[in-house]
A.B. asks: 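Dropping the structure in here first, questions after.
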Amino acid sequence: MESGIAFSNDGFNGESNKLLKEIPSNSLDFVLGLSTFCEQGEQFNYNDGDPHIISAILQHQTGKTTRDWAAEVLFSKLGAKNYDWVTYKDGITMGAFGILATPREMARIGHLVLNKGIWDGQEIVSSAWIDEMTSTKVSAGQVNTSGKSFGYYWWIDESRGIVFMWGKGGQFVFIKPDKDLVVVTTADPNDGHVFGIDSALDIFDRIDDITN
């Protein structure tokens with residue numbers, strides 16, 4: 001999220017809305033064709049454009065859509081079946097959003113991370129990568145989101161001792177390693193973000209308290 005590309009998630013006026021509506025004919029050219037607002041690595045800007053570039057890179061390197069590659073190396077090994085991942089009309093899997101899954105399938109990801117990449121005794125993801133992706137890359141001061149820092153597309157709340165996934169409109173997976181705890185919340189993604197991070201953390205805190 002520090003590419004410097006001026007991709008905006010600003011509601012219906014932002015660039016993310018253009019991708020949601022599949023307006024550009026080529027999604028990668030659209031993102032890369034935007035202007036820059038700073039040098040790469042200078043400023044954190046949470047946006048949907050940067051992870052879409054990552055998805056395009058994955059597809060170039062693997063020769064498969066990110067959706068199909070992830071199904072092969074991750075979801076199938078977790079036994080996940082009740083999910084889908086939206087692909088743009090140009091064939092690039094949406095890098096920033098579009099995974100549709102049940103809470104149980106979301107919890108599989110949480111348990112995989114909790115167990116350092118091990119599932120049913122098999123290492124699916126290296127423990128070194130789990131540690132790397134859930135460690136702070138951008139400090140809370142730079143992110144400016146209520147004391148939360150950012151890893152490789154994972155959020156970190158050091159005060160609570162948790163890492164978490166934060167999806168559109170109230171989809172969260174919270175992981176607290178010292179309690180062997182995974183908490184999943186879901187909500188209507190079209191509710192105008194009524195159920196946001198504060199609401200989700202309130203639920204997590206209640207569950208955290210009763211597990212003491």
Side-chain angles (χ1 to χ4, degrees), residues 1-2 9 44 46-48 50-51 54 70-71 73-83 85 95-189 191 193-212:
M1 299 295 187
E2 293 183 317
N9 283 12
F44 179 86
Y46 185 87
N47 72 93
D48 293 343
D50 288 3
I54 297 296
V73 303
L74 180 64
F75 293 118
S76 64
K77 294 183 179 182
L78 296 178
K81 297 178 180 178
N82 298 309
Y83 76 94
W85 195 344
F97 51 81
I99 297 181
L100 315 173
T102 65
R104 290 181 184 273
E105 306 296 39
M106 293 165 64
R108 293 176 191 269
I109 302 292
H111 278 284
L112 180 69
V113 173
L114 176 68
N115 294 319
K116 299 291 185 180
I118 303 296
W119 186 268
D120 284 343
Q122 176 187 1
E123 185 181 73
I124 297 177
V125 180
S126 74
S127 60
W129 176 251
I130 297 292
D131 290 339
E132 181 73 13
M133 77 176 187
T134 56
S135 62
T136 296
K137 308 302 175 191
V138 186
S139 69
Q142 292 171 279
V143 174
N144 194 27
T145 308
S146 303
K148 296 160 190 65
S149 56
F150 201 65
Y152 289 144
Y153 299 138
W154 282 78
W155 292 92
I156 300 137
D157 187 328
E158 295 181 1
S159 66
R160 289 178 169 85
I162 61 175
V163 298
F164 60 97
M165 298 191 296
W166 183 348
K168 181 180 184 295
Q171 328 311 316
F172 292 92
V173 179
F174 298 103
I175 302 164
K176 187 161 188 174
D178 67 352
K179 286 191 176 179
D180 199 32
L181 180 65
V182 174
V183 176
V184 176
T185 71
T186 59
D188 181 356
D191 69 353
H193 296 281
V194 172
F195 187 89
I197 182 63
D198 292 335
S199 300
L201 282 172
D202 180 60
I203 291 173
F204 171 81
D205 288 340
R206 295 183 189 189
I207 295 172
D208 189 28
D209 286 343
I210 64 176
T211 58
N212 284 332

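Numbers here simply count residues along the sequence, with the first being 1. Please read all numbers here as calculations on a predicted model, not as lab measurements.
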A.B. asks: Given Ile175 and Met165, is the side chain to side chain contact (heavy atoms under 4.5 Å, CB included) satisfied, shown in steps?
C.D. replies: CA-CA 9 Å; Ile175 302 164; Met165 298 191 296; over 6 Å; no

A.B. asks: Counting only pairs under 3.5 Å, give me each side-chain donor-acceptor contact of residues 75-82, with atom names and distances, residues two or more places apart or in other chains.
C.D. replies:
from: Ser76; atom 1: OG; to: Ala71; atom 2: O; distance (Å): 2.8
from: Ser76; atom 1: OG; to: Glu72; atom 2: O; distance (Å): 3.1

A.B. asks: Counting only N and O atoms by type, is there a donor-acceptor contact under 3.5 Å from the side chain of Gln171 to the main-chain atoms of Ala187?
C.D. replies: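 Present.
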
A.B. asks: Heavy atoms only: give me the nearest Ile156-Gly151 pair and the separation to one decimal.
C.D. replies: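 Of all heavy-atom pairs spanning Ile156 and Gly151, the closest is CD1-N, 3.7 Å.
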
A.B. asks: Taking only residues two or more places apart in sequence or in another chain, which ones pass ring-ring contact (aromatic ring centres under 6.0 Å, His included) with Tyr153?
C.D. replies: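 Per chain and number, Tyr153 pairs via ring-ring contact (aromatic ring centres under 6.0 Å, His included) with no residue.
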
A.B. asks: To the nearest 0.5 angstrom, please state how far the NZ atom of Lys137 sits from the CD atom of Glu2.
C.D. replies: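 Taking NZ in Lys137 and CD in Glu2, the distance rounds to 11.5 Å.
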
A.B. asks: Excluding sequence neighbours, so at least two apart, what forms salt bridge (charged side-chain N to carboxylate O under 4.0 Å, His left out) with Arg160?
C.D. replies: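 Residues passing salt bridge (charged side-chain N to carboxylate O under 4.0 Å, His left out) with Arg160: Asp157, Asp205.
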
A.B. asks: Determine whether Lys176 and Thr211 make a side-chain contact, defined as any pair of heavy atoms from C-beta on separated by less than 4.5 Å.
C.D. replies: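 They are not in contact (no side-chain heavy atoms under 4.5 Å apart), so the answer is no.
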
A.B. asks: Once ring-ring contact (aromatic ring centres under 6.0 Å, His included) is applied, do any residues pair with Trp85, and if so which ones, sequence neighbours excluded?
C.D. replies: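 With neighbours one apart ignored, the set is empty.
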
A.B. asks: Students often mix this up, so state it plainly: with edges at 30° and 60°, are the rings of Trp155 and Tyr46 parallel, tilted or perpendicular?
C.D. replies: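 If you compare the ring of Trp155 with that of Tyr46, the planes turn out tilted.
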
A.B. asks: Under the salt bridge (charged side-chain N to carboxylate O under 4.0 Å, His left out) rule, collect the residues that match up with Glu105, sequence neighbours excluded.
C.D. replies: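 If we apply the salt bridge (charged side-chain N to carboxylate O under 4.0 Å, His left out) test to Glu105, skipping adjacent residues, the hits are Arg108.
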
A.B. asks: Of all the heavy-atom pairs spanning Pro177 and Gly161, show the shortest one and how long it is.
C.D. replies: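 Closest approach of Pro177 to Gly161: CD-O, 3.6 Å.
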
A.B. asks: Work out which heavy atom in Thr136 is nearest to a heavy atom in Ser149; give both atom names and the distance.
C.D. replies: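 Thr136 and Ser149 have their closest heavy atoms at OG1-OG, 3.0 Å.
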
A.B. asks: Could you state the interatomic distance from OH (Tyr83) to CG (Leu100), rounded to the nearest 0.5 Å?
C.D. replies: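 If I round to the nearest 0.5 Å, the distance is 11.5 Å.
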
A.B. asks: Would you compute the distance between atom CG of Asn212 and atom CD1 of Ile207 and round it to the nearest 0.5 angstrom?
C.D. replies: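 These two atoms lie 12.5 Å from each other.
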
A.B. asks: Which pair of non-hydrogen atoms, one from Ile203 and one from Thr185, has the smallest distance, and what is that distance?
C.D. replies: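 Looking at all heavy atoms of both residues, the shortest contact is CG2-CG2, 4.3 Å.
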
A.B. asks: Heavy-atom count check: over 12 atoms from other residues, nucleotides or ligands less than 6.0 Å from Glu158 CD?
C.D. replies: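 12 or below, so no.
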
A.B. asks: Looking at side-chain heavy atoms only, is the closest gap between Phe164 and Ile197 below 4.5 Å?
C.D. replies: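 Sidechains of Ile197 and Phe164: in contact.
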
A.B. asks: Please round to the nearest 0.5 Å and tell me the distance separating atom CG of Leu181 and atom CD1 of Ile162.
C.D. replies: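 Leu181 CG to Ile162 CD1: 9.5 Å, rounded to 0.5 Å.
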
A.B. asks: Quick one: pull up CD1 in Ile99 and CD1 in Ile109 and give me the separation to the nearest 0.5 Å.
C.D. replies: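 The distance works out to 7.5 Å.
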
A.B. asks: Closest heavy-atom contact between Ser135 and Glu132?
C.D. replies: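 In terms of heavy atoms, the two residues are closest at OG-O, 2.8 Å.
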
A.B. asks: Quick one: does Met1's side chain get under 4.5 Å of Val138's, heavy atoms only?
C.D. replies: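 Not in contact.
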
A.B. asks: Can you check whether Asp208 reaches Val183 side chain to side chain, under 4.5 Å on heavy atoms?
C.D. replies: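 No, every pair of side-chain atoms sits at 4.5 Å or beyond.
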
A.B. asks: Mind listing the closest non-hydrogen atom pair of Gly110 and Val173 along with its distance?
C.D. replies: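 Shortest heavy-atom contact: CA-CG1, 3.8 Å.
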
A.B. asks: Which value, rounded to the nearest 0.5 Å, describes the distance between Trp154 atom CH2 and Met133 atom CE?
C.D. replies: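 Between Trp154 CH2 and Met133 CE, I get 5.0 Å after rounding to 0.5 Å.
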
A.B. asks: Scan residues 103-130 for pairs that pass ring-ring contact (aromatic ring centres under 6.0 Å, His included), counting only residues two or more places apart or in two chains.
C.D. replies: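 Matches after skipping sequence neighbours: Trp129-Tyr152.
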
A.B. asks: Would the distance check show the side chain of Asp48 and the main-chain N or O of Asn9 forming a donor-acceptor pair, the cut-off being under 3.5 Å?
C.D. replies: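 Not confirmed, Asp48 side chain does not pair with Asn9 backbone.
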
